[in-house]
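Just the heavy atoms: all of them, side chains too, but no hydrogens, waters or symmetry mates, feed the values below. Letters A, B, ... are given to chains in the order of the sequence lines, protein chains preceding strands, and every chain is numbered from 1.
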Amino acid sequence: IQMTQSPSSLSAYVGDRVTITCRASQDISGYLNWYQQKPGKAPKLLIYAASSLQSGVPSRFSGSESGTDFTLTITSLQPEDFATYYCQQSYGMPGTFGQGTKVEIK
Amino acid sequence: EVQLVQSGAEVKMPGYSLKISCQGSGYSFSNSWIGWVRQMPGKGLEWMGIIYPGDSDTRYSPSFQGLVTISADKSINTAYLQLRASDTAIYYCARQRGQQHPFDYWGQGTLVTVSS
């Protein structure tokens, strides 16, 4: 299963609404996860099963799905949100990741 | 508290074998999967393989099949990744509660530097 993530990078201001998309090459029945990775750190789970918020993750993060298209939305971007974001399908093995989206300060 | 603690950084010459460990605590180690993920410098995440320590059921990505060996010793709550040094990369272990679950807890990563 191939995961196509876009954009590869984006620049945004603090307070902006940011949207990242991920498209699966086949039906993955909503088994789509989103991770945040900061430089020098391990990835952190944000969203699982397309739209479920992991415990402790701020509510400004949300996920949605439409068929094989998935979206991560960050409402009101905060300084600590500047990082790289990855989608990952866990429907089948291998659990392929998207290429990543680097969110930078504008 | 769930924790995954990985072994320390390694420096290896190309072709040399190494074995990275990942010790879990704070949960039932035998009843969750442990996966391994590679990240080369400045690159994305690559799913390598996964093991269920309870019965050692192991699955590999075709990209890594034959290049790495994943194992586990449930008596000491530890999973292993064995590979031959070829590319500098960080290797992460991560817990997956079920086959279609996400990686919810991650180790701190092990940097393997390959240099001749």
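- Most heavy-atom pairs under 4.5 Å with chain B: of the set A:Thr96, A:Asn33, A:Thr84, this distinction falls to A:Asn33.
- Contact check for A:Tyr85 versus A:Val103: side-chain heavy atoms found under the 4.5 Å cut-off.
- Annotation: the span from B:Leu83 atom CG to B:Ile20 atom CD1 amounts to 5.5 Å, rounded to 0.5 Å.
- Salt-bridge formation is detected for the pair A:Lys102/A:Glu104: a Lys NZ or Arg NE/NH1/NH2 atom is positioned less than 4.0 Å from an Asp or Glu carboxylate oxygen.
- Checked by atom type and distance alone, the side chain of B:Tyr60 pairs as donor or acceptor with a backbone atom of B:Ile70 at under 3.5 Å.
- Interface residue B:Gln39: only side-chain heavy atoms are found under 4.5 Å from chain A.
- With a 4.5 Å cut-off on non-hydrogen atoms, B:Leu111 does not touch chain A at all.
- Only the side chain of B:Tyr92 comes within less than 4.5 Å of a heavy atom of chain A; its backbone N, CA, C and O stay farther away.
- Taking A:Pro94, A:Gly98, A:Gly40 one by one and counting their heavy-atom pairs under 4.5 Å with chain B, the maximum is reached by A:Pro94.
- Interface check for chain B: of the options A:Ala42, A:Ser29, A:Ala49, A:Gly95, the most heavy-atom pairs under 4.5 Å are formed by A:Gly95.
- Contact of A:Tyr86 with chain B is made through the side chain alone, with heavy-atom distances under 4.5 Å.
- Most heavy-atom pairs under 4.5 Å with chain B: of the set A:Pro39, A:Gly100, A:Pro43, A:Ser55, this distinction falls to A:Pro43.
- Counting heavy-atom pairs under 4.5 Å between each of B:Ser61, B:Gly109, B:Pro102 and chain A puts B:Pro102 at the top.
- Classification of A:Asp81 and A:Arg60 as a salt-bridged pair holds, one side-chain N sitting under 4.0 Å from a carboxylate O.
- Remark: the backbone N or O of B:Gln23 is not paired with any side-chain donor or acceptor of B:Thr78 at under 3.5 angstrom.
- B:Lys74 places a side-chain N or O within 3.5 Å of a backbone atom of B:Gly54 that can act as its donor or acceptor partner.
- Contact of A:Gln37 with chain B is made through the side chain alone, with heavy-atom distances under 4.5 Å.
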